[in-house]
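For the numbers below, each heavy atom of this structure counts, side chains included, while hydrogens, waters and symmetry mates do not. Just so it is clear: chains get the letters A, B, ... in the order the sequence lines come, proteins before strands, and each one is counted from 1.
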Protein chains: 2
Amino acid sequence: MKLTTKGRYAVTAMLDLALHYGEGPITLADIAQRQGISLSYLEQLFSRLRRQSLVASVRGPGGGYSLGKEAREIFIGEVISAVDENMDTTKCHGAHNCQNNERCLTHDLWSDLSNQIYTYLNNISLQDLMDRKAVREVADRQEHGDVDASLLDQVGTPAGV
Amino acid sequence: MKLTTKGRYAVTAMLDLALHYGEGPITLADIAQRQGISLSYLEQLFSRLRRQSLVASVRGPGGGYSLGKEAREIFIGEVISAVDENMDTTKCHGAHNCQNNERCLTHDLWSDLSNQIYTYLNNISLQDLMDRKAVREVADRQEHGDVDASLLDQVGTPAGV
DNA sequence: TACTTTCCCAACTAAAATAGTCAAGATTTC
DNA sequence: GAAATCTTGACTATTTTAGTTGGGAAAGTA
């Protein structure tokens with residue numbers, strides 16, 4: 001199973017797009033700055049998101065990205081699938097050849113778990129996230145940039161340290 | 001989040017122990033052969049399982065490993081936690097400093113997902129797995145070794161190919 | 001037209017994690 | 001004392017992650 005920074009970045013960036021809906025195309029540079037994600041890395045991710053029609057792009061000055069469909073029609077699972085190849089936890093990716101071409105002892109366990117996670121993430125839309133109070137608070141903070149000055153010198157410190 | 005071969009191997013090996021309960025200590029060599037896992041790698045995993053008292057060991061000839069408590073008291077989540085350091089999906093591992101020392105946009109999403117997975121895996125015991133029909137079938141197959149001869153030359157082929 | 005802004009794309013790379021191997025040793029049984 | 005088994009730590013190859021680099025193509029603006 002893969003649920004890494006790649007998927008987190010993709011969902012975060014998509015949520016950023018959703019939160020700025022109505023302001024015209026949003027540039028990756030804006031997202032990169034607001035969400036603290038490398039611009040070049042975002043470009044890679046958006047290349048995949050675009051291929052899945054999850055975002056639409058406009059080139060040139062004033063251009064940028066916007067959601068490919070409505071926020072309530074885009075589900076987290078889709079976004080993660082678009083950038084990470086799979087969210088399957090089985091070794092054989094659904095085939096039943098995990099061990100010597102036969103099903104391994106725990107095949108169904110991982111298969112069930114995958115379904116569980118998949119169902120969970122495919123029932124949460126970007127709109128659902130936007131409706132959450134905590135998300136709106138963070139978005140507000142990012143918007144007005146009223147960051148406590150005492151924290152500014154810690155920018156760039158690895159998370160979790 | 002980490003749900004990789006390491007965790008899968010650990011659960012599979014523990015389930016093997018559970019299935020052979022009552023036969024005295026089981027050697028890692030047996031498990032390695034039955035489940036197709038490298039012996040040295042199993043040694044690493046069991047070192048951690050033993051530190052968490054999930055297994056008990058007996059040295060010397062006739063020795064091996066047995067479950068540290070009853071199969072119905074050992075939960076999948078425990079086993080995975082013992083070998084993988086964490087199954088958290090948040091970047092900050094529960095702290096709220098994901099972005100510039102503040103909570104990132106999607107913190108709660110990953111936090112909720114982690115709880116979901118954690119709850120799921122901590123409600124399935126080894127005994128539950130043993131009670132599953134599919135598991136018993138695979139165990140039977142492994143026991144009697146009646147492997148289709150046409151498959152034998154495919155042993156060692158990478159899964160999923 | 002020239003210039004700038006933006007998306008687009010492919011190749012490269014450093015660091016970390018994964019999935020092991022290898023070598024030595026400690027216990028116990030026979 | 002020899003063999004079987006666990007125990008430990010260090011080493012290693014491969015893959016993945018999380019980027020960087022460098023070029024381009026399209027579109028708007030002067």
Side-chain angles (χ1 to χ4, degrees), chain A residues 1-10 12-13 17 23-33 35-66 68 80 83-87 89 91 156 158-161, chain B residues 1-10 12-13 17 23-33 35-52 54-66 68 80 83-89 91 156 158-161:
Chain A
M1 159 109 172
K2 281 188 290 185
L3 271 182
T4 71
T5 302
K6 201 188 288 186
R8 276 199 299 265
Y9 279 177
T12 302
L17 275 191
E23 302 174 17
I26 306 295
T27 67
L28 289 188
D30 282 349
I31 300 178
Q33 205 201 345
Q35 307 303 336
I37 305 173
S38 136
L39 175 59
S40 330
Y41 201 35
L42 273 182
E43 286 178 343
Q44 274 184 51
L45 300 181
F46 272 72
S47 164
R48 296 187 185 209
L49 294 172
R50 199 175 61 92
R51 270 176 237 150
Q52 303 295 319
S53 305
L54 292 174
V55 297
S57 60
V58 179
R59 286 175 163 190
Y65 285 94
S66 50
I80 294 177
V83 295
D84 274 337
E85 283 69 21
N86 74 89
M87 4 182 252
T89 55
K91 183 179 188 176
V161 175
Chain B
M1 158 108 172
K2 282 189 288 184
L3 270 183
T4 71
T5 302
K6 201 188 286 184
R8 275 198 299 264
Y9 280 177
T12 302
L17 275 190
E23 303 175 17
I26 307 294
T27 67
L28 289 188
D30 281 351
I31 300 179
Q33 206 201 345
Q35 307 304 335
I37 305 173
S38 136
L39 175 58
S40 326
Y41 201 36
L42 272 181
E43 286 174 343
Q44 274 184 50
L45 300 181
F46 272 72
S47 164
R48 296 190 184 205
L49 294 172
R50 199 176 62 90
R51 269 176 236 150
Q52 303 295 320
L54 292 174
V55 297
S57 61
V58 180
R59 286 175 163 190
Y65 285 94
S66 50
I80 294 177
V83 296
D84 273 337
E85 283 70 19
N86 73 90
M87 2 183 254
D88 192 353
T89 56
K91 182 179 188 176
V161 175

Taking atom P of dG20(C) as reference, at what distance in whole Å does atom CD1 of I37(B) sit? 9 Å
Could you tell me whether I26(A) contacts a base, only the sugar-phosphate backbone, or nothing, with contacts defined as non-hydrogen atoms closer than 4.0 Å? sugar-phosphate
When you measure from the side chain of T4(A), which nucleotide among dT7(D), dG19(D), dT17(D) comes out closest? dT17(D)
Check this one for me: any side-chain N or O of R48(A) less than 4.0 Å away from OP1 or OP2 of dC9(C)? no
Sequence-aligned protein contact record of nucleotides 20-30 of chain D, with B where the base is within under 4.0 Å of a protein heavy atom and S where only the sugar-phosphate is: BB---BSBS--
Roughly, in whole Å, what's the span from CZ in R8(A) to C1' in dT17(D)? 12 Å
Describe the nucleic acid contact of F46(A) in one word from base, sugar-phosphate, nothing, applying a heavy-atom distance below 4.0 Å. nothing
Whichever of G62(A) and R51(A) has its nearest DNA chain C nucleotide further upstream toward 5': G62(A)
Closest heavy-atom pair, A13(B) versus L42(B), reported as atoms and distance to 0.1 Å, is CB-CD2, 4.0 Å
How close or far is atom C1' of dT5(D) from atom CD1 of I31(B), stated in whole angstroms? 13 Å
Heavy-atom nearest pair, A10(A) first then L45(A), reads N-CD1, 4.2 Å
Side-chain polar contacts of residues 52-65 of chain A - donor-acceptor pairs under 3.5 angstrom, sequence neighbours left out - could you list them?
none

Within the structure provided, determine whether K6(B) and Y41(B) are in side-chain contact (heavy-atom separation under 4.5 Å). yes
Please state how far atom CG in L17(B) lies from atom P in dC6(D), giving the value in whole angstrom units. 10 Å
When you measure from the side-chain N and O atoms of S57(B) to the phosphate of dC6(D), is any distance below 4.0 Å, counting only OP1 and OP2? no
Distance, rounded to the nearest Å, where Y65(B) contributes OH and dA4(D) contributes P: 18 Å
How far does OG of S66(A) sit from CD1 of I26(A), to the nearest 0.5 angstrom? 8.5 Å
In whole angstroms, the gap separating P of dC6(D) from CG of L28(B) amounts to 4 Å
Could you pull out all residues at least two apart from S47(B) that satisfy side chain to side chain donor-acceptor pair (under 3.5 Å)? R51(B)
Check the distance between dC6(D)'s P and L42(B)'s CG and give it to me in whole angstrom. 10 Å
Output the rounded distance in Å from NZ (K6(A)) to C1' (dT16(D)). 8 Å
Taking atom CD as the centre, does Q33(A) end up with more than 12 heavy-atom neighbours from other residues, nucleotides or ligands that are less than 6.0 angstrom away? no
